[in-house]
Amino acid sequence: MEISTIGLDLAKNVFQVHGISATGEVVIRKALRRSQMLAFFEKLPPCLIGAEACGTSHHWARELTKLGHEVRLMPAAYVKPYVKRGKNDAADAEAICEAVTRQTMRFVPIKSREQQAALSLHRVRQLLIKQRTQLVNMMRSVLAELGTAIPVGIVKALQMAREIVVGESELDLPPEAANVVAMLAGQLLQLHAQLRKLDLRLAALQRSDERARRLATIPGIGPIGATALAASVTDPGQFSSGREFAAWLGLTPRQSSSGGKERLGRITKMGDRYLRQLLVVGATALVRYAKQKPGTVDPRFVALLARKPARVASVAIANKMARIAWAVMARGGVFERGHAPMLAAA
């Protein structure tokens with residue numbers, strides 16, 4: 001019988017295939033080595049292939065689409081309920097095959113190689129920032145044990161690291177400790193220089209990308225946030241509204257409603273944690289500007305800050321920024337201060 005739908009459980013070396021016919025009968029259950037993948041699917045007539053969205057899924061989705069198949073990626077959390085009993089590769093492939101046929105299933109758009117390359121810059125930058133923080137904390141702890149305190153802030157830590165490296169520091173340290181601190185300071189400066197290069201590359205990417213340029217017009221979104229949003233959101237049309245996009249980012253309250261009684265809690269924190277973090281950090285900067293220079297930000301933000309604590313206001317502003325970002329991506333144009341939304345027709 002001809003295969004109409006395939007559930008593909010992706011892995012590093014061994015892939016599991018579960019195929020069914022148009023009537024739902026199981027046609028094939030097979031494990032494939034990595035070298036057998038493309039040769040196997042080349043022989044098949046065009047069919048629907050489902051897979052869980054993961055690190056390598058976009059690559060395989062692009063390759064299988066070139067062979068004429070329709071590939072749909074799904075979040076792993078949405079596939080999990082279809083696993084019947086014990087978990088193994090064959091059961092996962094069967095669950096994927098069942099989930100991909102559901103009419104209400106939500107799918108993940110396939111990213112291009114260029115989008116993944118742009119996101120790799122963000123992932124590396126995030127890793128280097130963590131490593132820089134670790135080096136600063138280690139240098140602080142070593143010096144604190146010997147009676148020297150580095151002032152708060154990354155700028156002060158970098159300044160002291162430069163003084164140590166060039167020999168202008170007046171620290172009175174034992175030889176062993178001096179060698180350790182000098183090594184940490186050298187690594188810290190080298191890491192910071194690499195971060196600066198990444199920031200310049202992201203700024204250049206933002207200038208060359210049309211969607212990122214439009215996103216950067218939104219207050220609170222700079223080159224980092226603009227390029228991350230442009231690379232992460234393949235198709236903004238998959239969201240019906242800005243509210244749905246904000247919910248996808250986990251910036252809406254968690255519901256626990258029942259019996260007609262509405263109960264709202266903290267934000268769900270679902271979706272891409274990195275995008276949500278960038279939006280909240282940008283909103284926090286707007287809150288700081290609202291306190292220092294109220295005339296530089298939207299008056300609604302100033303009024304919100306007067307009613308709510310700063311952290312609550314930051315999340316609410318991040319939610320608003322996400323909605324504006326969706327409108328810019330889905331409808332085109334740039335951010336316009338004081339723009340009034342079009343009223344629905346009566």
Side-chain angles (χ1 to χ4, degrees), residues 5-19 32-42 44 46-80 82 89 92-93 95-97 99-102 105-127 198 201-202 205-206 208-212 215 224-239 245 248-250 270-278 325-326 329-330:
T5 307
I6 287 180
L8 178 62
D9 183 52
L10 299 173
K12 183 178 180 180
N13 293 317
V14 181
F15 303 78
Q16 186 70 35
V17 173
H18 183 95
L32 297 174
R33 302 293 298 181
R34 187 181 183 91
S35 59
Q36 300 171 327
M37 272 281 290
L38 295 181
F40 173 79
F41 284 100
E42 280 178 353
L44 294 181
C47 59
L48 173 63
I49 301 175
E52 291 180 338
C54 62
T56 61
S57 61
H58 296 275
H59 163 73
W60 289 112
R62 291 191 297 265
E63 294 298 319
L64 296 176
T65 300
K66 292 177 184 177
L67 300 178
H69 301 290
E70 181 185 357
V71 183
R72 296 179 181 176
L73 304 180
M74 300 165 288
Y78 293 170
V79 177
K80 180 65 176 176
Y82 293 93
D89 292 346
D92 289 346
I96 292 169
C97 189
V100 75
T101 61
R102 300 299 93 196
M105 179 57 63
R106 297 180 181 179
F107 300 104
V108 178
I110 301 171
K111 290 184 173 61
S112 65
R113 290 170 61 88
E114 290 72 22
Q115 286 177 306
Q116 289 188 297
L119 287 175
S120 68
L121 293 176
H122 287 273
R123 300 294 178 254
V124 172
R125 180 179 180 273
Q126 197 174 17
L127 173 63
L198 280 177
R201 292 178 65 179
L202 286 171
L205 180 63
Q206 182 261 323
S208 63
D209 186 88
E210 183 266 340
R211 183 191 288 184
L215 285 169
I224 307 299
T227 51
L229 284 167
S232 299
V233 184
T234 303
D235 179 22
Q238 66 178 310
F239 306 103
F245 179 63
W248 178 71
L249 290 174
M270 304 293 286
D272 194 317
R273 180 181 179 181
Y274 180 64
L275 293 180
R276 184 172 61 253
Q277 176 187 351
L278 290 177
W326 174 84
M329 290 187 290

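From a predicted model like this one, the values you see are computed outputs, not experimental measurements. One-based numbering along the sequence shown.
H58 is linked by a ring pair (Phe, Tyr, Trp, His ring centres under 6.0 Å) to nothing, counting only residues two or more places apart in sequence or in another chain. In terms of the ring pair (Phe, Tyr, Trp, His ring centres under 6.0 Å) criterion, residue partners of W60 (sequence neighbours excluded) are, by chain and number, F15. The ring pair (Phe, Tyr, Trp, His ring centres under 6.0 Å) search around F40 returns none, not counting sequence neighbours. Residues that satisfy the ring pair (Phe, Tyr, Trp, His ring centres under 6.0 Å) test with F41, not counting sequence neighbours, are H69. Checked against salt bridge (charged side-chain N to carboxylate O under 4.0 Å, His left out), D92 has the following partners two or more places apart in sequence or in another chain: K87.
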For residues 70-79, tabulate all N or O donor-acceptor pairs below 3.5 Å that involve a side-chain atom, not counting sequence neighbours.
| residue | atom | partner | partner atom | Å |
| --- | --- | --- | --- | --- |
| E70 | OE2 | R72 | NE | 3.0 |
| E70 | OE2 | R72 | NH2 | 2.9 |

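For the pair I6 and C97, the minimum side-chain heavy-atom distance is 4.5 Å or more. Using a 4.5 Å heavy-atom threshold, the side chains of S57 and E52 count as separate. Proximity of I96 to D9: side-chain heavy atoms (C-beta onward) are separated by under 4.5 Å at one or more points. Counting heavy atoms from C-beta on, the side chains of R273 and R276 come closer than 4.5 Å. The shortest side-chain heavy-atom distance between R62 and Q116 falls under the 4.5 Å cut-off. Within the 4.5 Å cutoff, the side chain of M270 has no heavy atoms near those of the L249 side chain. For the pair C47/T5, no side-chain contact is recorded, criterion being any heavy-atom separation below 4.5 Å from C-beta on. With a 4.5 Å cut-off on side-chain heavy atoms, W326 and V233 do not count as touching.
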Would H122 and Q126 count as a side-chain contact (heavy atoms from CB on, under 4.5 Å) if you check the C-alpha gap in whole Å, the side-chain angles of each, and the deciding distance to 0.1 Å?
CA-CA 6 Å; H122 287 273; Q126 197 174 17; over 6 Å; no
Walk me through whether V14 and R33 qualify under side-chain contact (heavy atoms from CB on, under 4.5 Å).
CA-CA 5 Å; V14 181; R33 302 293 298 181; 3.1 Å; yes
For the pair K12 and T56, evaluate side-chain contact (heavy atoms from CB on, under 4.5 Å) and give the outcome as yes or no after the intermediate values.
CA-CA 9 Å; K12 183 178 180 180; T56 61; over 6 Å; no
Start with the C-alpha distance between L32 and L8, add both sets of side-chain angles, then the distance that settles side-chain contact (heavy atoms from CB on, under 4.5 Å), and finish with yes or no.
CA-CA 10 Å; L32 297 174; L8 178 62; 5.7 Å; no
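Closest non-hydrogen pair, L10 versus C54, comes out as CD1-SG, 4.0 Å. The minimum heavy-atom distance between L215 and A226, with the atom names listed, is CD1-O, 3.7 Å. The two residues T234 and R211 have their closest heavy-atom pair at O-NH2, 3.8 Å. E42 approaches L67 most closely through the heavy-atom pair CG-CD2, 3.6 Å. Smallest separation of non-hydrogen atoms from D209 and A230: OD2-CB, 3.9 Å.
Between T227 atom OG1 and L121 atom CG the span is 8.0 Å, to the nearest 0.5 Å. Annotation: the span from L198 atom CG to L205 atom CG amounts to 11.5 Å, rounded to 0.5 Å. Rounding to the nearest 0.5 Å places CE of M329 at 10.0 Å from CG of D235.
By the neighbour-count criterion of 12 heavy atoms within 6.0 Å, atom CZ of R123 is densely surrounded, having more than that number from other residues, nucleotides or ligands. Residue R201 qualifies as open at atom CZ: its count of foreign heavy atoms under 6.0 Å is 12 or below. The local environment of CE in M105 is crowded, with over 12 non-hydrogen atoms from other residues, nucleotides or ligands closer than 6.0 Å.
A donor-acceptor pair is defined here as one N or O able to donate and one able to accept, closer than 3.5 Å; such a pair exists between the side chain of Q115 and the backbone of S112. Between the side chain of W248 and the main chain of G271, no donor-acceptor pair closer than 3.5 Å is present.
F239 and F245 have perpendicular rings, their planes meeting at more than 60° on a 0 to 90° scale where under 30° would count as parallel.
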